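Chain letters run A, B, ... following the sequence lines, proteins first and then strands; every chain starts at 1. Keep in mind the model is a prediction, meaning the values are calculated, not measured.
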Amino acid sequence: MVVLSAARWVRSRLSDRFWRVQEVLKYARHFRGRKNRCYKLAVRSVRRAFVRSTKARREKKRILRALWITRIEAASLEHGLKYPAFISNLVKSQVELNRKVLADLAIYEPKTFKSLAALAQRRRQEGFLAALGDGKEPEGIFSRIVHQHY
Amino acid sequence: RYVRQLQRLQLLFSPTAADARGARQFVEEAAQDFARQHPDVVLYVSPRSGPGPAPVLRAEYLNGTVREELIASKTSEEIVQLATKLANQSGLDIIRIRKPFHTDNPSVQGQWHPLTNKPSILTIQGPRLQPQ
């Protein structure tokens, strides 16, 4: 007789259950407790770990920026400047260095950072003179703006 | 000048197994052209007699890494694509690189330590300084 479909009482059974389980457990190997061994607990933990790592990618940018700001604040306080004064005066002097580079300079090139702090301090003084001295003195040297035409 | 990082490609398969059909077709048709196009890669074809493990394409690189790719039940064209992919790789491990940069000398002016910006009177070690 011609059989076009499997008889209804025939069931198919999984043969590669081991590898399907290992695919999940390999991401749980460094966990603590039974979640690194038992599949049922590991599935839940691995899923939560992935969700958390996806969300943390947005937080990482914020955390790193806060870390750089802390470090720049500490370094500029060593040279007698507060962080808002330092950053605002650097921007006014057209020094477009981002916080990551400033933090690296503060750690690995302390003399460069000292000269940047001195530049910000000088620009700050010129700003005070321009605001309070009322126009009779010449403009400060470091307050000049360089215009670039592209 | 470009130095290809792939040293040798070993094609291990059994001449009678059914899943090594693509490997046998590759050896008959495309292996010579592949070897001519990549003159600095040595291609070894080693048939294993009898029923053995699955057919495998083993790539050895100049830094010592050995990478094995299964070619069971693959067509000849797919094996050619796999082989060119392995030939264009370097032998570095395929993991997430933590930083896209690396320096051996990160500090030119001397790394910061808590005494860099303090007056140098604090670092002098000698006979007891008299307070002025």
Side-chain angles (χ1 to χ4, degrees), chain A residues 15-16 18-19 22-23 26-30 46 49-50 52-57 59-61 63-65 67-83 85-86 97-121, chain B residues 12-14 17-23 51-59 65-75 78 82 85 89 91-125 129:
Chain A
S15 56
D16 55 349
F18 172 75
W19 293 282
Q22 288 305 305
E23 257 179 24
K26 77 179 180 219
Y27 293 112
R29 283 308 175 199
H30 62 279
V46 162
F50 284 162
R52 283 171 179 162
S53 86
T54 326
K55 287 190 188 161
R57 270 176 230 139
E59 307 294 312
K60 182 178 173 182
K61 302 165 180 43
I63 291 172
L64 277 182
R65 186 173 161 121
L67 177 70
W68 296 328
I69 290 177
T70 317
R71 287 182 176 171
I72 296 168
E73 190 169 355
S76 59
L77 282 172
E78 274 197 333
H79 296 289
L81 266 179
K82 293 192 190 163
Y83 173 80
F86 179 66
L97 290 173
N98 59 359
R99 283 139 186 95
K100 172 171 121 169
V101 160
L102 284 171
D104 289 340
L105 285 178
I107 298 171
Y108 293 112
E109 259 89 37
K111 296 181 194 167
T112 312
F113 195 85
K114 184 171 180 177
S115 57
L116 283 172
L119 170 67
Q121 181 74 354
Chain B
L12 300 155
F13 63 102
S14 151
D19 50 1
R21 183 168 63 119
V56 104
L57 182 59
R58 188 188 292 168
T65 22
V66 179
R67 201 155 155 225
E68 295 193 348
E69 300 262 349
L70 282 184
I71 44 177
S73 314
K74 282 203 165 92
T75 55
E78 285 173 15
L82 236 181
K85 181 191 91 155
Q89 276 179 353
L92 302 165
D93 320 324
I94 304 177
I95 46 169
R96 178 182 73 98
I97 30 177
R98 288 181 207 208
K99 292 186 198 186
F101 42 82
H102 171 78
T103 11
D104 289 324
N105 313 305
S107 177
V108 168
Q109 294 169 1
Q111 203 177 357
W112 184 90
H113 54 85
L115 291 170
T116 28
N117 290 323
K118 298 270 163 58
S120 61
I121 198 87
L122 292 170
T123 50
I124 298 174
Q125 286 179 0
L129 300 162

Worksheet item: Looking at side-chain heavy atoms only, is the closest gap between Leu67(A) and Leu64(A) below 4.5 Å?
Response: yes

Worksheet item: Is there a side-chain contact between Lys82(A) and Phe86(A), using heavy atoms and a 4.5 Å cut-off?
Response: no

Discussion item. Is it the case that the side chain of Glu109(A) and the backbone of Ser107(B) share a donor-acceptor pair, with hydrogens and angles ignored and the cut-off at 3.5 Å?
Written reply: no

Fill in: Thr112(A) backbone acceptor or donor facing Gln109(B) side chain under 3.5 Å
yes

Worksheet item: Who in residues 68-79 of chain A is close to chain B, using a strict under-4.5 Å heavy-atom cut-off?
Response: Glu78(A), His79(A)

Fill in: Cationic N near anionic O, under 4.0 Å, Arg67(B) to Glu69(B)
yes

Fill in: Tyr108(A)/Phe113(A) aromatic ring centres below 6.0 Å
no

